[in-house]
Enquirer: 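Pasting a structure here, questions to come.
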Amino acid sequence: MIWLVGNRGQLGADMEKLLRDGNVAFIASDLEVDITDGRAVERFSSHKKIKWIINCAAYTAVDRAETEREKAFSINSTGAYNLAAAAKKTGAGIVYISTDYVFDGDREGEYTEEDAPNPVSVYGKSKLEGETHTRDTTDKHYIIRTAWLYGGKRGNFVSTMLSLFKKGGEVRVVSDQYGSPTWTKDLAAAVLRIVESGAGGFGVYHYSSEGRTSWYGFAREIHEQGTVLGMLDKKSAVVPITTADYPTAAKRPHNSCLSKERIRKTFGVEIPRWQDSLKNYLLGRGGG
Ligand SMILES: NC(=O)c1ccc[n+]([C@@H]2O[C@H](COP(=O)([O-])OP(=O)(O)OC[C@H]3O[C@@H](n4cnc5c(N)ncnc54)[C@H](OP(=O)(O)O)[C@@H]3O)[C@@H](O)[C@H]2O)c1
């Protein structure tokens, strides 16, 4: 049985749907099992036949983390430790979802799993510590770094852009940060494939969609596809701005592109182009 942790988040919601649709045996929890509370985690996991823990729970408010350092570390680091300790104790394997924000973004080209992390935000530091705890606590772990997620049942970048475009007018979007928009449904499928593969090969893997764009390029594509699919009827202009034009509390990597060679070679995971996944996501939201 799988214990899916954080099932009300973006990724957790799509992971839950995939497990349900595939008739995979699982139990799921979110805030009702507080992962920062080691005893609560132990109580919940003992006497259950858990084979895998998929840890999708996180503190993801990147800017707020700069002033809520303790909370961010408690969930992303201590929470990760508690779950990894429960995995070790019950003999389960664990998946820890991590982030491109463990890198500083100064590299040209794609980051590989061999590149040295150097987080430049509290969020990135707390996630890196979560990786370290997971790795140091149990050998049977997969750390999957991903980037620029959208999906699930709550709001996300795509839904925010669509609602701005529905109002019409000018939408200003940062054009000098680069990465790969990634649909949580694709990532969930990759995670399930890995845990079901029985292939071993524990360690760190990168997963994001194929292709590279900026937030501005992503917004333009949402606008274009939304228009083609008949989801937008007002005129909007997407205007490129720089990171300096849009100051935020947390520093973000300029380059978030991840190399997917390792995950592709080890598990045969197919990686869609980000534009194709966006289209499928929009169609699922009632576009067309
Ligand atoms: N979003 C991105 O663009 C992105 C990019 C790269 C990597 N990631 C990583 O991918 C993973 C999934 O991200 P996501 O966007 O799906 O996250 P999310 O939507 O913020 O979901 C995280 C879930 O964890 C829950 N949670 C928070 N504290 C908890 C606690 N103490 N105990 C149990 N559950 C708790 C949250 O509840 P509340 O929301 O009610 O607090 C939420 O339901 C995370 O590890 C994240 O770091 C995300």
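Whatever order the structure lists ligands and atoms in, that order sets their numbers, starting from 1. Residue numbers count from 1 along this sequence. The basis for the numbers below is simple: all heavy atoms, side chains too, and nothing from hydrogens, waters or symmetry mates.
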Enquirer: If we set the cut-off at 4.0 Å for heavy atoms, which region of I75 has an atom near ligand 1: side chain, backbone, both, or neither?
Expert: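 For I75, only side-chain atoms sit under 4.0 Å from ligand 1.
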Enquirer: If you apply the rule ring pair (Phe, Tyr, Trp, His ring centres under 6.0 Å), what do you find for Y207 with F267, and how did you get there?
Expert: CA-CA 12 Å; Y207 180 92; F267 301 105; over 10 Å; no
Enquirer: Check contact between Y123 and ligand 1, using heavy atoms of the residue and a distance below 4.0 angstrom.
Expert: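 A heavy atom of Y123 does come that close to ligand 1.
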Enquirer: Tell me whether ligand 1 is touched by N156 - counting only heavy atoms on the residue side and a distance under 4.0 Å.
Expert: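 Flag not set, N156 not near ligand 1.
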Enquirer: What atoms of ligand 1 come closer than 4.0 angstrom to any heavy atom of T146?
Expert: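 Near T146, the atoms of ligand 1 are 6 (C), 7 (C).
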Enquirer: When rounded to the nearest 0.5 angstrom, what distance separates NE2 in H133 from CG in N76?
Expert: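 Output value for this atom pair is 11.0 Å.
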Enquirer: Pull out every atom of ligand 1 sitting under 4.0 Å from any heavy atom of K127, numbered as shown with elements.
Expert: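 Per the distance check, 44 (C), 45 (O), 46 (C), 47 (O).
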Enquirer: Quick test: of every protein heavy atom, which one is nearest to atom 1 (N) of ligand 1, and how far off is it to 0.1 Å?
Expert: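 Atom 1 (N) of ligand 1 sits closest to the protein heavy atom Q10 NE2, 3.4 Å.
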Enquirer: Would S29 count as a contact of ligand 1 if the rule is a heavy atom under 4.0 Å away?
Expert: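 No, that is not the case, since the closest heavy atom of the residue is not under 4.0 Å from the ligand.
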Enquirer: Taking the non-hydrogen atoms of W148, is any one of them nearer than 4.0 angstrom to ligand 1?
Expert: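 W148 counts as a contact of ligand 1 under the 4.0 Å cut-off.
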Enquirer: Out of A13, A58, S208, G130, whose heavy atom is nearest to atom 44 (C) of ligand 1?
Expert: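 Answer by nearest heavy atom: A58.
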Enquirer: Tell me which one of D14, L83, I97 gets a heavy atom nearest to atom 10 (O) of ligand 1.
Expert: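 Minimum heavy-atom distance to atom 10 (O) of ligand 1 goes to I97.
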Enquirer: Determine whether the aromatic ring centres of residues W274 and F218 are separated by less than 6.0 angstrom.
Expert: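 F218 vs W274: aromatic centres under 6.0 Å.
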Enquirer: Within ligand 1, which atoms have a heavy atom of A57 less than 4.0 Å away?
Expert: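 In order of number, 24 (O), 34 (N), 35 (C).
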Enquirer: Against heavy atoms of R154, which atoms of ligand 1 measure under 4.0 Å?
Expert: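 It comes down to these atoms of ligand 1: 39 (O), 40 (O), 42 (C), 43 (O).
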Enquirer: Can you tell me if G79 has a non-hydrogen atom under 4.0 Å from ligand 1?
Expert: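 Per 4.0 Å heavy-atom rule, G79 does not contact ligand 1.
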Enquirer: State the atoms of ligand 1, each with its element, that fall below the 4.0 Å cut-off from a heavy-atom position in D34.
Expert: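 It comes down to these atoms of ligand 1: 30 (C), 31 (N), 32 (N).
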